[in-house]
Amino acid sequence: MTNQTKASDFIRDIIAQDRKANKNEGRVITRFPPEPNGYLHIGHAKSICLNFEVAKENNGRCHLRFDDTNPTKEEEEYVQSIKEDVRWLGYDWGEHLFFASDYFDKLYEYGVHLIKTGKAYVCDLTADEIREYRGTLTEPGKESPYRKRSMAENLDLYERMRTGEFPDGTRVLRAKIDMASGNLNMRDPVIYRILHASHHRTGDSWCIYPMYDYTHPISDAVENISHSLCTLEFEDHRPLYDWTLDNLPVACHPQQIEFARLNLSFTVVSKRKLLRLVNEGFVDGWDDPRMPTLSGIRRRGYTPEAIRNFCERIGVAKRDSTVDVALLEHTVREDLNNRAPRSMAVLRPLKVVIENYPEGRVEELDAQNHPGNPDMGTRKVPFSRELYVERDDFMEEPPKKFYRLTPGREVRFRYAYFIKCERVVKDDKTGEIIELRCTYDSESRGGSAPDGRKVKATIHWVSAAHAIPAEIRLYDRLFVTENPEADKEKDFIENINSKSLEILTECRLEPSLANAAPGSLYQFERQGYFCADSKDSAAEKLVFNRTVTLRDSWAKIKGRGKS
RNA sequence: UGGGGCGUCGUCAAGUGGUAAAGACACAGGACUUUGACUCCUGCAUCGGAGGUUCGAAUCCUCCCGCCCCAGCCA
């Protein structure tokens, strides 16, 4: 809470030095440049947080710019979801919303400029030929036969490309750089291609579209970006980024700096793979709570604060790395522990009858909404003769260290009484335990006995007559392997966790949960953090998603016994 | 075999020649506990390897090894 020192990183260090040297008059402007061709995921969150936070720390600003130069892949729907997700994460681009397509006229004119200065030419080679001429990683390329075209001819052809005279793929505009460069990106890269496709913003006004490598530096320069942060795979593109700006009459030359993208254990984030999960029905959609998309994570119950905190803790560096999902889970628990009100929910009910408790009697007991924060107040919870407890909280033949209910043992029912299990009722035929007959100590109301005796366990419960039914969806990691993509021979689909979703329909909740608003967050004591599903939960039929379990040291002890 | 990067605890990640190599997560112990939660204590790396420079190196030099990215008219 106090003056927390923000961890620095190499990018912040560079920016600090730049400001010290008064580069760009000390101004810091960054940008988050998504392509509107899919949903944002946790990997994008790293970039969003980096760009917006760095700007904020330096009294600068961060632009939201859609890199929409490929109309065949981009859609308005994605623009909307991206804006929503960035806002949800807690960032505001203010007036600075841009689209690369805003710059199409300028981009085209700059193409003319390059031709006039002998830095670009129209090439008639086919895509296959261009690939052949490009050479290989170890051999230099060959110059295109069209490389020496006259300026006049280039200008004419470029203009005619734009007016729609030529079919797709017949010609491109290329930068004239160096076919022998060790960097393939510098071997006369294509900067404009013909695409008779309708664009989500410019409609049919264009049939030629600029390439990323050409568009990005110019867009950055036009917006006066000071530091253009991108991921490692663009490191090879930096010479082209710089070449473009060095050969055009732009007023500013932003600095591209590359950092490592986020990889998360037990998770997959490539758009192509996420698309397969959706299309092949392994999940229910882009916002399925198991998806690493921001919309999925949000629906799961993660908070923006938790995500931001996570992004801050993972740091920013150049080394390829894979962050343990446990850290993400930790940051949600940390945040939810502070803010989520507590309540009691029985997921797998086991009937309990308190034999010495008067029939028909109901007591309203006081329960704290948050043991660590009295400001969150208290609530009443009804207690009666017939209750439900968690099946897992009873064992007829308990192993060592099992402290919960067991025949003859007394435990505390949270905020209620000391309860002792007297008898187990089983189904005659199946032998299944169907009910527990118990007694209570009327002196222990509230949960402590006047004689000072102790119990080892406190368990949660609900009153059978008052409990409200609900569906609870237990989500777990989507993959069972730490790196689902590790084995190149194997389809990552084979690593899917078949138990990533368990739907419980017989759950019973304490009555105070009756009007849980969609999206609201709770801790169901001893179980985990849950949120009312934003799509499916309604007053008539409550549906909760498990965001994350509580840390469970009992599970560890139990696990040891097994292996 | 070309070009560009990267190698510090199980996982992230500080460290930029000078006291016992931060911190977090994970893990392991323990305390506390009306959530086996939370909280709190404790423990947990000699820095990819080999040489060299230096009074002194994770930090400088040399060589070696390993990993990642690049041959879209995708971004």
Side-chain angles (χ1 to χ4, degrees), chain A residues 7-9 13 33-35 37 67-70 72-74 123 125-127 130-132 134-141 168-174 180-187 189-195 208-209 211-213 215-216 230-239 258 260 265 271 313-331 333-334 337-338 342 344 367-368 370-372 401-404 412-416 418 446-448 454-460 482 523-528 549-558:
Chain A
S8 193
D9 54 65
D13 288 347
E35 181 188 12
N37 71 342
D67 233 321
D68 55 351
T69 57
N70 186 349
T72 64
K73 294 188 173 176
E74 297 146 7
C123 183
L125 255 25
T126 64
I130 285 182
R131 190 179 317 120
E132 284 166 30
R134 185 154 36 224
T136 67
L137 293 179
T138 52
E139 304 156 39
D168 287 2
T170 52
R171 275 177 240 266
V172 292
L173 182 69
R174 291 228 251 171
S181 172
N183 182 344
L184 304 219
N185 295 122
M186 300 299 269
R187 321 243 262 226
V190 170
I191 57 182
Y192 256 103
R193 77 287 213 183
I194 300 172
L195 235 39
I208 59 171
Y209 291 92
M211 300 287 289
Y212 165 86
D213 282 319
T215 309
H216 208 81
C230 62
T231 44
L232 251 28
E233 67 270 27
F234 292 103
E235 211 149 16
D236 284 344
H237 297 240
R238 195 187 337 134
E258 311 83 11
S265 62
K271 270 181 194 166
R313 293 205 202 184
I314 58 178
V316 179
K318 296 197 69 160
R319 159 182 355 166
D320 286 308
S321 59
T322 301
V323 175
D324 192 341
V325 260
L327 180 59
L328 216 210
E329 294 169 349
H330 172 262
T331 61
R333 285 194 188 101
E334 187 177 52
N337 177 46
N338 291 325
R342 314 284 124 128
M344 294 194 283
Q368 291 177 278
H370 190 124
K401 297 212 175 171
F402 181 85
Y403 303 145
R404 285 111 91 152
R412 172 165 41 233
F413 275 32
R414 179 139 237 222
Y415 298 125
F418 280 13
S448 50
K454 303 284 185 198
V455 289
K456 285 219 111 173
T458 298
I459 67 174
H460 61 279
E482 198 167 320
Q523 182 195 100
F524 290 168
E525 292 207 23
R526 305 205 308 126
Q527 306 277 3
T549 61
L550 249 31
R551 276 180 60 196
D552 187 354
S553 53
W554 165 242
K556 280 178 191 167
I557 295 169
K558 209 169 47 173

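Scope of the values below: all heavy atoms of this structure, side chains included, with no hydrogens, waters or symmetry mates.
Between A:Lys73 and A:Glu35 there is no salt bridge, since no side-chain nitrogen of the basic residue lies less than 4.0 Å from a carboxylate oxygen of the acidic one.
Taking the side chain to side chain contact (heavy atoms under 4.5 Å, CB included) definition, one finds that A:Glu132 meets it with nothing, sequence neighbours left out. When the side chain to side chain contact (heavy atoms under 4.5 Å, CB included) test is applied to A:Ala180, the partners found at least two apart in sequence or on another chain are A:Pro140, A:Asp178. With sequence neighbours excluded, no residue satisfies salt bridge (charged side-chain N to carboxylate O under 4.0 Å, His left out) with A:Arg333.
Minimum atom distance to the side chain of A:Thr138 is reached by B:rU1, of the listed B:rC74, B:rU1, B:rC25. Closest approach to the A:Arg134 side chain among B:rA71, B:rC74, B:rC25 is made by B:rA71 (side chain taken as heavy atoms from C-beta onward). The side chain of A:Arg131 sits closest to B:rA71 out of B:rC12, B:rA71, B:rC25. When distances are taken from the side chain of A:Arg193 to each of B:rC12, B:rC74, B:rU1, the shortest belongs to B:rC74. The side chain of A:Lys318 has B:rG5 as its nearest neighbour among B:rC74, B:rA14, B:rG5. Set against B:rA75, B:rG5, B:rA71, the side chain of A:Glu235 has B:rG5 as its closest nucleotide. Closest to the side chain of A:Glu525, from the set B:rC12, B:rA26, B:rU35, is B:rU35.
As a whole-Å value, the separation of A:Asp67 CG from B:rA75 C1' is 7 Å. As a whole-Å value, the separation of A:Lys456 NZ from B:rA37 P is 13 Å. The NE2 atom of A:His330 sits 14 Å away from the C1' atom of B:rU11 (whole-angstrom rounding).
Within the nucleic acid shown, A:Gln523 comes within 4.0 Å of at least one base atom, counting heavy atoms only. Heavy atoms of A:Ser321 sit under 4.0 angstrom from primed sugar atoms or phosphate atoms, though from no base atom. A:Ile194 comes within 4.0 angstrom of no nucleic acid atom, judged by non-hydrogen atoms across all strands. No contact: A:Phe418 has no heavy atom under 4.0 Å from any strand. Using a 4.0 Å heavy-atom criterion, one finds that A:Pro371 contacts the bases of the nucleic acid, with or without backbone contacts as well. When heavy atoms are screened at a 4.0 angstrom cut-off, A:Gly169 is found touching base atoms of the nucleic acid. At the heavy-atom level, A:Val325 lies nowhere under 4.0 Å from the strands shown. Nucleic acid contact class of A:Arg187 (heavy atoms, under 4.0 Å, all strands): none. Residue-level contact check: A:Arg319 touches the bases, meaning some heavy atom is under 4.0 Å from a base atom. Base engagement by A:Lys401 is indicated by at least one non-hydrogen atom pair under 4.0 Å involving a base atom. Within 4.0 Å (heavy atoms only), A:Thr458 reaches sugar-phosphate atoms of the nucleic acid but no base atom. Nucleic acid contact class of A:Met344 (heavy atoms, under 4.0 Å, all strands): none. Counting non-hydrogen atoms under 4.0 angstrom, A:Ser265 reaches nothing in the nucleic acid. Base engagement by A:Leu125 is indicated by at least one non-hydrogen atom pair under 4.0 Å involving a base atom.
Counting only distance, with no hydrogens or angles, the side chain of A:Thr549 and the backbone of A:Gly528 share no donor-acceptor pair below 3.5 Å. Under a 3.5 Å cut-off, the side chain of A:Asp236 and the backbone N or O of A:Asn183 do not form any donor-acceptor pair. Side chain of A:Arg187 to main chain of A:Ser181: a donor-acceptor pair is present (N/O by atom type, distance under 3.5 Å, no hydrogens or angles). Between the side chain of A:Glu334 and the main chain of A:His330, no donor-acceptor pair closer than 3.5 Å is present.
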Original post:
Tell me, for nucleotides 38-49 of chain B in 5' to 3' order, what letter each nucleotide earns: B for a base near a protein heavy atom under 4.0 Å, S for only sugar-phosphate near one, - for neither?
Top reply: S-----------

Original post:
In the 5'-to-3' direction, what one-character label does each nucleotide of nucleotides 64-70 of chain B receive under the scheme B = base within less than 4.0 Å of a protein heavy atom, S = sugar-phosphate only, - = no such atom?
Top reply: ----SBB

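Partner assigned to B:rG51 is B:rC61, using Watson-Crick or G-U wobble distances below 3.5 angstrom.
Shortest non-hydrogen contact noted between A:Asn337 and A:His370 is O-CE1, 2.7 Å.
Taking the six-membered ring where the residue is Trp, A:Trp554 and A:Phe402 present perpendicular rings, their angle passing 60° and hence far from 30°.
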Distances for protein N or O near nucleotides 57-60 of chain B N or O, under 3.5 Å:
none

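Nearest-nucleotide positions on RNA chain B for A:Glu139 and A:Phe413 put A:Glu139 closer to the 5' end. The 5' end of RNA chain B is approached more closely, in terms of each residue's nearest nucleotide, by A:Asp13 than by the other of A:Arg342 and A:Asp13.
Under 3.5 Å, the side chain of A:Gln527 and the base of B:rU35 form no donor-acceptor pair of N or O atoms.
Rounding to the nearest 0.5 Å gives a distance of 8.5 Å between CD1 of A:Ile314 and CG of A:Leu328.
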